[in-house]
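Below you'll find the structure, written out as structure tokens, and then a few comments.
Below, chain A is the first sequence line, B the second, and so on; all start at residue 1. These numbers were taken from a predicted model, which means no experiment stands behind them.
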Protein chains: 2
Amino acid sequence: MRLSHEQFRELAVKHGLAVTHQRQVVYEAVIASPGHYSPEDVYAAVRRRIPSISLATVYNNLRLFIECGLLREVTPHASTLRVDGNLEPHHHLVCSRCKAVQDIEGDFIDFKRLSPQVPRGFDLTQPVVEVFGLCRQCSAKK
Amino acid sequence: MRLSHEQFRELAVKHGLAVTHQRQVVYEAVIASPGHYSPEDVYAAVRRRIPSISLATVYNNLRLFIECGLLREVTPHASTLRVDGNLEPHHHLVCSRCKAVQDIEGDFIDFKRLSPQVPRGFDLTQPVVEVFGLCRQCSAKK
DNA sequence: TATCGGATGAGAATAATTATAAACGAACGA
DNA sequence: TCGTTCGTTTATAATTATTCTCATCCGATA
């Protein structure tokens, strides 16, 4: 997805980030399509528009976006950082074997039963839940 | 926890692994106390009993134990592999900020609501659930 | 426009993990 | 018991992912 310079500026300022062209392009690359991208994926996409960009800049900006809440971090089941531009509340279905992550919707947590298990002070106001199992391909094999 | 040689032999054979002294010591180190250990943690513990052991051996055996189901992998929220010797069904409560993992018990998943969201073929017979939030320390700061 | 602080780019550095190859050792049958 | 075989261990090299360093550049503000 492309944003106008003004749209991105507004977004960045709201989250306390300075506005640069590289930042805008990195951000646009992440939200261009739904999915969970690695820094390398983002780097490859951004280089098509800014061939001179540095991988370090991609890392720096992804980290900043995560810190300021513009992106969400998907925990690195594939042993590498993944980011998710979908900030709508949603959960993840993760394959224990191949580590593929897909989004799932729905309200399937019973908070009445969960809450007593959670230690005092643990903040569950916006819980993200990852449910592990075996995807079709992996449960087919052996 | 220490196991007799015979106990470990039985366990290993049941999971299709050859029996070696290094394997037994690595395994004992993991299940010695509850927790989620990194390979380095395990290496440090094992070296107290086998000073000459190689880090690669620890990695190899942890991977084998995970593959054959003797240990469970905790997804690397701390950007590094963690293993869990607790094979009882349990779930994890993870701090989104500091990535600390703690075990929680309980039956708080509503499968009637979850199932329709899960694609055909995805195997949920032994789901592990990770619930993310902010631990007390992290929700206190800022 | 001049200034300043933060951002960028290139490459080095670090950390975690995996691969490789040689040496070793347990289990099997002779 | 003695080899033989095959998987295991060790040491080290290689790879991969990520972060750091620092010189330079750019954008925001006066």
For nucleotides 23-25 of chain C, list the nitrogen or oxygen atoms of the protein found under 3.5 Å from its nitrogen or oxygen atoms, one pair per line.
none

note = Hits for side-chain contact (heavy atoms from CB on, under 4.5 Å) against A56(B), two or more places apart or cross-chain, chain-then-number order -> S54(B)

query = Between N61(A) and dT8(C), is there a side-chain N or O to OP1/OP2 distance below 4.0 Å?
reply = yes

query = Rounded to whole angstroms, how far apart are CG on L64(B) and P on dT8(D)?
reply = 7 Å

ask   = Are OP1 or OP2 of dT17(C) and a side-chain N or O of Y59(B) less than 4.0 angstrom apart?
value = yes

key: Axis deviation across the helix from dT1(C)-dA30(D) to dA30(C)-dT1(D), five-pair ends, to the nearest 10°   = 30°

query = Are F111(B) and I109(B) close enough, and set up right, to give a side-chain contact (heavy atoms from CB on, under 4.5 Å), and what steps lead you there?
reply = CA-CA 6 Å; F111(B) 283 96; I109(B) 299 294; 4.0 Å; yes

request  = Sequence neighbours left out, what passes salt bridge (Lys or Arg N to Asp or Glu O under 4.0 Å) with E67(B)? Give chain and number order.
outcome  = R63(B)

Atom-to-atom span, CG of L62(B) to C1' of dT17(C) - whole angstrom = 12 Å

task = Nearest-nucleotide wise, let me know which of L55(B) and S54(A) is further upstream toward the 5' end of DNA chain C.
result = S54(A)

ask   = Which residues satisfy the ring-ring contact (aromatic ring centres under 6.0 Å, His included) test with F122(B), sequence neighbours excluded?
value = none

query = Whole-Å distance between dA16(C) P and Y43(B) OH?
reply = 13 Å

message = I'd like to know if V129(B) and F132(B) are part of one continuous hydrophobic network [Ile/Leu/Val/Met/Phe/Trp/Tyr, side-chain heavy atoms within less than 4.5 Å].
response = no

message = My understanding is that only residues two or more places apart in sequence, or in another chain, count here; which of them pass salt bridge (Lys or Arg N to Asp or Glu O under 4.0 Å) with E10(B)?
response = none

Protein-nucleic acid N or O pairs under 3.5 Å, nucleotides 2-5 of chain C:
none

ask   = What is the distance from CG of N60(B) to P of dT12(D), rounded to the nearest Å?
value = 16 Å

ask   = To the nearest Å, how far apart are E40(B) CD and dA15(C) C1'?
value = 9 Å

ask   = Between E105(B) and H90(B), is a side chain to side chain donor-acceptor pair (under 3.5 Å) present by the stated rule, with each step listed?
value = CA-CA 5 Å; E105(B) 308 282 329; H90(B) 67 281; over 6 Å; no

task = Would you check, one step at a time, whether the test side-chain contact (heavy atoms from CB on, under 4.5 Å) holds for V30(A) with L62(A)?
result = CA-CA 9 Å; V30(A) 174; L62(A) 290 178; 3.9 Å; yes

Using distance only, find each side-chain donor-acceptor pair of residues 12-21 of chain A under 3.5 Å and give its atom names and separation, not counting sequence neighbours.
{"residue": "H15(A)", "atom": "ND1", "partner": "L11(A)", "partner atom": "O", "Å": "3.0"}
{"residue": "T20(A)", "atom": "OG1", "partner": "R23(A)", "partner atom": "N", "Å": "3.1"}

task = Kindly write out the residues that satisfy ring-ring contact (aromatic ring centres under 6.0 Å, His included) with F65(A), not counting sequence neighbours, or none if the list is empty.
result = Y27(A)

inquiry  = Heavy atoms within less than 4.0 Å of DNA chain D: which residues of residues 8-25 of chain A have one? Give them sorted by number.
reply    = R9(A), V19(A)

inquiry  = Tell me which pairs pass side-chain hydrogen bond (donor to acceptor under 3.5 Å, both in side chains) where either residue lies in residues 112-123 of chain A, with sequence neighbours left out.
reply    = D123(A)-T125(A)

ask   = Starting at CD1 of I53(A) and ending at P of dT24(D), how long is that distance when rounded to a whole Å?
value = 21 Å

task = Measure across P119(A) and L93(B) and return the closest heavy-atom pair with its distance rounded to 0.1 Å.
result = CD-CD2, 3.5 Å

key: Partner residues of Q22(B) under the side-chain hydrogen bond (donor to acceptor under 3.5 Å, both in side chains) criterion, sequence neighbours left out   = none

query = Separation of I50(A) atom CD1 from dA10(C) atom P, in whole Å?
reply = 12 Å

remark   = Rounded to whole Å, CZ of R63(B) lies from P of dA19(C) at a distance of 7 Å

inquiry  = Please find the pair of heavy atoms, one from V58(A) and one from Y43(A), that lie closest to each other, and give the distance.
reply    = CG2-CD1, 3.9 Å

